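All remarks here apply to the structure that follows.
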Amino acid sequence: MIQDGPTTGLAGVDRHPTDQDSWGPRLAAILNPPQLEAVTAPDGPLLVFAGAGSGKTRVLTYRIAHLIESGRAQPDGILAVTFTNKAAREMRQRIESLLGAGQAEGPAGSPGTPGRGERPASWGGSPAWMGTFHNICGRVLRRDGHLIGVDRSYVIYDEGDRLSAVKRAMAGLGLDEKRFPPNAVVGRISTAKNEIQGPTEYAAAASDYFSEVVARVYPVYEGFLRDASGLDFDDLLLKVVRLWQEDERSLERWRHRFRHVLVDEYQDTNRVQYTLVKLLAEEHRNLCVVGDDDQSIYRFRGADVRNILSFERDFPEARVIKLEQNYRSTQSILDAAHAVIKAVADRADKRLWTDRGAGEKVFVAQVYDEQEEAEAIAAEVRRLVARDGSLNDIAVLYRTNAQSRALEEVMVRQGIPYKLVGGVRFYERREVKDALAYLRVMFNPNDTVAFNRVVNVPRRKVGDKTVQVLEAAARQRGISVWDLLAAEARPAGITASAAEGLQEFRALVEGLRRELDRHPLPEVIEMTLARTGLQAWVSDGSEEGAERWQNLLELKGLAAEYSGLRGMEALGRFLEDAALVSDVDSLDEAKPGLTLITLHMVKGLEFPVVFMAGMEEGLLPHIRAIEEPGGIDEERRLCYVGMTRAMRRLYLFHAFRRHLFGNANLNLPSRFLNDLPEEIVERPAGSSRSTGANRASVLDAVSRQPAAPAPPPVQRYREGQRVSHRAFGPGVVVKSTLTRSDEELIVRFDNVGIKILSASLAPLETA
Ligand code: ATP
Ligand code: MG
């Protein structure tokens with residue numbers, strides 16, 4: 001039976017000729033009834049409110065396809081906001097395959113600009129816009145920013161740029177970085193922008209000393225950005241809100257263009273994002289948002305879960321659809337996740353079910369420390385892969401980036417390929433940033449951060465002092481540094497050799513700018529690398545140098561996507577995309593390897609096998625959250641997001657002892673583990689709460705640790721005794737102390753130095 005939406009249906013609208021017979025039945029066959037209702041619901045506000053893995057993203061994707069297929073919307077009348085650009089890309093591909101080749105030119109992106117760009121080749125007759133808020137706002141500003149004084153060739157200040165601008169502002173105000181950490185100042189400014197507070201509003205609301213300090217830095221920082229035509233990430237959104245609040249005609253045009261607005265992961269929108277969506281959609285009201293209050297995990301970035309909970313108040317006529325069937329995970333995994341999330345105080349109760357059966361139990365094990373944790377995971381990974389699993393099916397999730405180090409070390413040692421999401425990003429590598437800075441100055445010579453970065457790279461005798469004198473002179477005359485250099489060969493106060501270096505730099509950049517009109521972007525990048533001396537500088541014969549050169553070549557390779565555009569335009573888009581690439585965007589599913597990723601980044605993804613490392617008090621929940629009001633609930637949601645990524649098998653590890661941030665801590669198992677019903681939990685054989693059968697795997701090794709210290713303590717080791725530790729190797733006992741419940745040992749290991757160990761838990765043997 002074909003079930004159509006309640007009022008509009010496939011039967012009632014013109015279908016695309018190529019799909020006449022297959023589309024409707026196909027939809028009904030691949031969607032469950034509430035999903036189908038959401039996909040085919042008529043115009044007007046629509047909220048799909050449902051738990052993890054229930055098909056929200058799928059519904060959004062199919063709804064877009066349906067809008068196009070049914071003729072209710074042209075591709076270019078659709079705006080879809082996703083959490084990452086990668087998600088947008090996947091959505092685009094999916095729609096393309098759904099609609100068939102006949103309509104591929106619609107949402108698929110024009111040939112020659114696929115991939116990271118996510119943008120239409122031109123304004124008219126273009127495909128749907130899909131991307132993150134930042135990506136979309138960047139595009140809006142390129143077109144309309146000038147209406148509120150945003151330079152068409154604005155540059156995006158990334159995290160590093162913004163930190164250096166704040167530091168400069170603080171130095172100018174004589175503020176001590178030790179007393180007022182610049183990172184914290186950056187954070188406050190960012191929060192203010194996400195709350196749509198400019199410097200004046202912020203200053204008016206400042207109520208404590210630190211806020212007052214920030215209130216002084218904020219306008220100076222804004223001044224720097226203005227002079228450099230720079231926008232930070234938050235500005236991209238904030239400026240569009242200002243644009244639409246101040247310029248009615250611009251707002252009208254965009255409203256008219258995007259007759260259908262769809263937002264994924266709506267629970268994590270913050271105030272500025274919420275305002276954007278509302279401005280755009282409140283007139284035509286064709287707004288479809290999907291989300292899950294249980295997965296709201298970006299409170300620290302200003303995300304407000306109330307946005308989803310109050311959707312029905314903002315749009316009282318909204319149709320609300322709940323999805324309860326989960327298609328991702330087994331029932332055991334769902335039950336475990338539900339046990340953790342149900343304790344959250346302020347949530348809309350919902351429970352997921354699946355027809356996939358109970359599946360394997362959730363595996364919970366204690367390990368000695370992070371080293372052993374990594375080894376246990378590696379061994380289990382090997383076992384899974386040997387049983388014809390694929391590394392690409394497996395992910396290891398953790399709470400903090402710092403946890404990846406131990407995991408990486410073991411994977412490297414054991415030759416297990418892995419993909420780290422959120423390490424030193426490609427675009428943050430030094431040589432890549434240098435090359436990009438040159439390109440930025442070419443694009444916009446007033447980009448001060450970029451100018452300062454490379455004016456003396458490689459050395460041209462232009463020191464910091466020269467730059468300061470130059471900036472002061474330019475400010476005094478009310479012109480830009482670049483214009484000053486054009487007007488005067490040697491501005492006052494500049495030494496002859498510095499002036500020579502500056503003019504050399506200017507001539508170099510101007511020369512390269514001219515090349516942009518004549519050659520495709522990759523060629524201009526090649527010229528840039530050669531003429532600026534970057535190529536010679538990185539190619540120093542060392543292995544590291546070779547790697548740097550590879551990275552620069554990679555940068556050039558990425559520019560190939562923009563070859564079809566004219567010089568400056570190509571460069572502008574290339575730079576914008578480079579600035580907006582997120583960690584997850586660079587995750588390449590096709591590349592073989594295990595995925596290492598933080599809980600915050602893993603949202604929306606799924607893997608057949610998931611390991612969660614560090615299920616300990618202080619880590620998950622994180623120590624900072626324990627003290628904050630509402631903090632534990634946020635950590636519960638984070639844990640829930642992690643667990644619900646797993647399709648078939650979920651492993652939870654907690655270490656007895658963990659070295660993190662330079663300290664060794666004895667950690668208690670996470671309180672979230674206590675919430676798991678024992679009947680869906682499997683523990684390694686021999687552990688105190690074991691329920692499972694003996695498994696022939698690495699986990700036997702894990703199981704050799706008793707889960708709890710065995711009282712009463714007896715002295716088993718003496719000072720001077722040779723011992724051997726499974727991970728640390730051979731060593732000698734320096735000191736043994738009996739505590740109330742255990743014997744604490746200080747051991748000097750031959751290879752790794754002094755460690756403090758607990759005799760009852762450490763995998764120690766007497767030698
Ligand atoms: P999350 O909350 O984690 O973002 P979600 O609600 O967006 O999850 P999806 O990612 O859309 O869920 O779907 C989860 C998985 O279930 C996907 O692999 C999807 O293809 C599959 N799925 C969803 N609906 C169906 C269906 N009706 N039939 C078969 N598979 C489905
Ligand atoms: Mg989703």
Side-chain angles (χ1 to χ4, degrees), residues 2-3 25-40 46-66 80-95 97-98 130 132 262-269 288-298 303 305 308 321-331 333-334 337-338 340-341 347-348 350-356 359 392-393 395 397 584 589 597 599-610 637-648 650:
I2 303 170
Q3 290 206 334
R26 241 166 77 206
L27 269 189
I30 49 187
L31 299 169
N32 67 32
Q35 287 179 333
L36 186 66
E37 184 189 346
V39 166
T40 56
L46 175 66
L47 165 64
V48 178
F49 184 56
S54 58
K56 295 183 297 298
T57 302
R58 185 176 168 112
V59 159
L60 205 76
T61 309
Y62 280 60
R63 185 166 170 86
I64 295 170
H66 183 257
V81 185
T82 52
F83 175 59
T84 61
N85 289 314
K86 178 171 177 285
R89 194 154 63 238
E90 282 164 8
M91 205 175 265
R92 194 183 285 286
Q93 283 159 359
R94 187 93 199 103
I95 293 169
S97 71
L98 276 176
M130 299 183 175
T132 59
L262 304 97
V263 187
D264 199 2
E265 306 279 2
Y266 189 69
Q267 74 280 355
D268 273 328
T269 47
C288 167
V289 305
V290 312
D292 177 5
D293 60 332
D294 290 338
Q295 295 186 69
S296 166
I297 54 172
Y298 278 98
V305 65
I308 194 161
I321 295 174
K322 295 197 171 136
L323 309 174
E324 274 156 358
Q325 182 169 1
N326 172 294
Y327 289 90
R328 180 181 292 147
S329 313
T330 62
Q331 194 63 50
I333 292 168
L334 292 182
H338 186 254
V340 171
I341 199 69
R347 68 181 280 269
K350 46 189 138 37
R351 185 157 191 156
L352 293 163
W353 63 276
T354 176
D355 61 11
R356 301 178 114 207
N392 290 9
D393 286 349
L397 319 185
V584 172
E589 251 122 43
I597 186 169
L599 290 166
H600 277 106
M601 299 305 314
V602 79
K603 208 165 73 151
L605 305 183
E606 61 190 5
F607 298 88
V609 179
V610 166
R637 291 192 287 264
L638 204 48
C639 185
Y640 173 82
V641 167
M643 294 167 95
T644 53
R645 299 310 97 199
M647 298 163 80
R648 285 202 318 264
L650 176 63

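Source: prediction; values computed, not measured. For ligands, and for the atoms within them, numbers begin at 1 and follow the listed sequence.
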- Query: Would Glu37 and Gln35 count as having a side-chain donor-acceptor pair, cut-off 3.5 Å?
  - Reply: no
- Note on the structure: Nearest heavy-atom contact between Leu98 and Ala65 is CD1-CB, 3.9 Å
- Item | Within 45° cone of Phe49 ring axis and under 6.0 Å: Lys350 NZ or CZ | yes
- Shell of residues surrounding ligand 1, defined by a 4.0 angstrom heavy-atom cut-off that is strict: Ile30, Leu31, Asn32, Gln35, Gly51, Ala52, Gly53, Ser54, Gly55, Lys56, Thr57, Arg58, Glu265, Gln295, Tyr327, Arg328, Gly604, Glu606, Arg645
- Message: Testing the basics here: between Ile333 and Met643, what is the closest heavy-atom pair and its distance to 0.1 Å?
- Response: CG2-O, 3.5 Å
- Task: Output the distance between atom OG1 (Thr82) and atom CZ (Arg92), rounded to the nearest 0.5 Å.
- Result: 9.5 Å
- Message: Atom CZ of residue position Arg356 - does it have more than 12 heavy atoms of other residues, nucleotides or ligands inside 6.0 Å?
- Response: yes
